[in-house]
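Computation of the quantities below employed the complete heavy-atom set of this structure, encompassing side-chain atoms and omitting hydrogens, waters and symmetry-equivalent molecules. All values derive from a computational prediction rather than experimental measurement.
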2 protein chains.
Amino acid sequence: MTGIDVHAEVSVLLRVAGQRYTPTRRQIIDALMSTRRPMTITDLLEALPDVAQSSLYRNLTTLEQGGVVSRVVSTGDTGRYELSEQLAGHHHHLVCSQCGAMRDVVIPESLETTLDDAFARVAKREGFRLEHHRLDLIGVCGECRNAQD
Amino acid sequence: MTGIDVHAEVSVLLRVAGQRYTPTRRQIIDALMSTRRPMTITDLLEALPDVAQSSLYRNLTTLEQGGVVSRVVSTGDTGRYELSEQLAGHHHHLVCSQCGAMRDVVIPESLETTLDDAFARVAKREGFRLEHHRLDLIGVCGECRNAQD
DNA sequence: ATGAGTGCAAAGGCTTTGCATTAGG
DNA sequence: CCTAATGCAAAGCCTTTGCACTCAT
């Protein structure tokens, strides 16, 4: 998806949610689009030095409620955000157990289908209405592997 | 795995880590064994009313470093802990998107094998040394479904 | 003009740390 | 005895909130 498409889509999503697409929000989206990994609050503050911390938090909340971004659960002590899957596509994460870095990763479509089928059965068995799944691959990233040599 | 086995195993793990298996730590393990879901700090404090909050945090850290318990990443604002997979066996979690509750769930062994194979390939492609995977099924639990009727 | 968005500072809430006391080997 | 573990209280850190100001419609 190109940047223009994303901005147009965000604009629609926010309008539906009764929210404006302000310059600050556009900057946040630009920052999130610029990388293939969830960004921490710190990352975002560094990328947007003119945005107050409180504004960042408030905008992220607004964007999340509008379905534009998603809060990513991570091991770290600070929150992480990414574009919602509606905008970025379905994906998973590689998580480095040493440095904590996260990176997006896509698994074969056939495997996703297998997973969806199996999970649907498990959810039914457990009396659970399944919405989606979250899958992280934990290991050691290339940089940390090199650093150990 | 029976309770006796778990305590014996914990004792060994802690000894290897150079740590003692104190009464407080045994109480924590008993609490974690009593339920099939990760417990929050609040849960544990309620289950162990005579244990100071700081002791709980410190013991959980010690137990985690010894490989006895695992910190579970969750959406909530407070930490969650469970017995390590070495003690509790490999499993995943059902996470309720409405009430935040988590519950253990096991998926078919054949699916785990399929996942492991596929993930190994993905990790290799990405220059990642895979350690394990984390899989959550997000949806609405039975209680919340009933509450909506 | 009228409500939303912003910045700054203060307050909140979970977690960690300091320090004196107690228990275990 | 000597180190580890505990309790209580204080400090830290990320996040949220209050309030006045500015911007957009």
Side-chain angles (χ1 to χ4, degrees), chain A residues 7 10-32 38-66 68-82 100 102, chain B residues 7 10-32 38-66 68-82 100 102:
Chain A
H7 285 304
V10 171
S11 182
V12 171
L13 285 170
L14 287 178
R15 197 170 5 253
V16 168
Q19 299 288 347
R20 302 176 191 161
Y21 198 15
T22 64
T24 299
R25 291 173 189 170
R26 178 175 277 264
Q27 286 180 64
I28 294 172
I29 300 303
D30 279 331
L32 292 177
M39 292 180 78
T40 65
I41 297 293
T42 306
D43 291 338
L44 286 165
L45 285 174
E46 289 174 356
L48 286 63
D50 294 334
V51 175
Q53 200 178 46
S54 57
S55 291
L56 176 60
Y57 278 106
R58 277 192 277 235
N59 278 311
L60 286 171
T61 301
T62 300
L63 291 168
E64 187 179 22
Q65 288 171 347
V68 178
V69 308
S70 300
R71 184 177 217 145
V72 176
V73 300
S74 75
T75 319
D77 37 9
T78 155
R80 276 191 153 88
Y81 286 84
E82 64 182 2
M102 298 187 85
Chain B
H7 285 304
V10 171
S11 183
V12 170
L13 285 171
L14 287 178
R15 199 172 0 255
V16 168
Q19 299 288 346
R20 302 175 191 163
Y21 197 15
T22 65
T24 300
R25 289 173 189 171
R26 178 175 278 265
Q27 285 180 65
I28 293 172
I29 300 305
D30 279 331
L32 292 177
M39 293 180 77
T40 64
I41 298 293
T42 306
D43 292 337
L44 286 165
L45 285 174
E46 288 174 356
L48 286 63
D50 295 334
V51 175
Q53 200 178 46
S54 57
S55 291
L56 177 60
Y57 278 106
R58 277 191 278 235
N59 277 312
L60 287 171
T61 301
T62 299
L63 291 169
E64 188 180 21
Q65 289 172 345
V68 178
V69 307
S70 300
R71 184 178 217 143
V72 177
V73 300
S74 76
T75 319
D77 37 8
T78 155
R80 277 190 152 88
Y81 285 85
E82 65 182 3
M102 299 187 85

To the nearest Å, give me how far apart CZ (Arg25(A)) and P (dA24(D)) are. 13 Å
Of the nucleotides dT6(C), dA4(C), dA5(D), which one has an atom closest to the side chain of Thr22(A)? dT6(C)
If you look at every strand shown and take non-hydrogen atoms under 4.0 Å, does Gln19(B) touch a base, only sugar-phosphate, or nothing? sugar-phosphate
For Glu64(B) and dT15(C), give me the distance from atom CD to atom P, rounded to whole Å. 12 Å
Just to confirm, is there a sub-4.0 Å distance from OP1 or OP2 of dG5(C) to any side-chain nitrogen or oxygen of Ser55(A)? no
Could you walk me through whether Leu60(B) and Glu64(B) pass side chain to side chain contact (heavy atoms under 4.5 Å, CB included), step by step? CA-CA 6 Å; Leu60(B) 287 171; Glu64(B) 188 180 21; over 6 Å; no
Can you see if the side chain of Thr78(B) gets near the phosphate of dG13(C) - specifically, an N or O under 4.0 Å from OP1 or OP2? no
Is Thr24(A) close enough to dT6(C) that one of its side-chain N or O atoms is under 4.0 Å from OP1 or OP2 there? yes
Output yes when a side-chain donor or acceptor of Thr62(A) lies under 3.5 Å from a complementary backbone atom of Arg58(A), and no otherwise. yes
Proximal nucleotide (of dG5(C), dT16(C), dT15(D)) relative to the Tyr57(B) side chain: dT16(C)
Hey, is the main chain of Arg20(A) close enough, under 3.5 Å, to the side chain of Arg25(A) for a donor-acceptor pair? yes
Anything under 3.5 Å between a protein N or O and an N or O of nucleotides 18-21 of chain C, put it in a table, one pair a line.
| residue | atom | partner | partner atom | Å |
| --- | --- | --- | --- | --- |
| dG18(C) | O6 | Arg58(B) | NH1 | 3.3 |
| dG18(C) | O6 | Arg58(B) | NH2 | 3.1 |

Relative to the 5' end of DNA chain D, which residue comes earlier, Arg20(B) or Leu56(B), by the nucleotide with the nearest heavy atom? Arg20(B)
Among the candidates dA24(D), dT6(D), dT15(C), find the nucleotide nearest to the side-chain atoms of Asn59(B). dT6(D)
Distance-only criterion, 3.5 Å: show the donor-acceptor pairs between side-chain atoms of residues 38-53 of chain B and protein atoms not counting sequence neighbours.
| residue | atom | partner | partner atom | Å |
| --- | --- | --- | --- | --- |
| Thr40(B) | OG1 | Thr42(B) | N | 3.4 |
| Thr40(B) | OG1 | Asp43(B) | N | 2.9 |
| Thr40(B) | OG1 | Asp43(B) | OD1 | 3.4 |
| Thr40(B) | OG1 | Asp43(B) | OD2 | 3.1 |
| Asp43(B) | OD2 | Thr40(B) | N | 3.0 |

To the nearest 0.5 Å, what is the distance between CG on Leu63(A) and CG on Leu14(A)? 6.0 Å
Closest heavy-atom pair and its distance - Arg80(B), Ser74(B): NH1-OG, 3.7 Å
Taking all atoms of both residues into account, what is the closest heavy-atom pair of Val69(B) and Tyr81(B), and its distance? CG2-CD2, 3.9 Å
Between the CG atom in Asn59(B) and the CZ atom in Arg26(B), the distance rounded to the nearest 0.5 Å is 14.0 Å
For side chain to side chain contact (heavy atoms under 4.5 Å, CB included), just list the numbers for Leu13(B) and Gln19(B), CA-CA rounded to whole Å, side-chain angles, deciding distance to a tenth of an Å, and then say yes or no. CA-CA 8 Å; Leu13(B) 285 171; Gln19(B) 299 288 346; over 6 Å; no
Rounded to 10°, the angle between the first-five-pair and last-five-pair axes of the helix from dA1(C)-dT25(D) to dG25(C)-dC1(D) is 30°
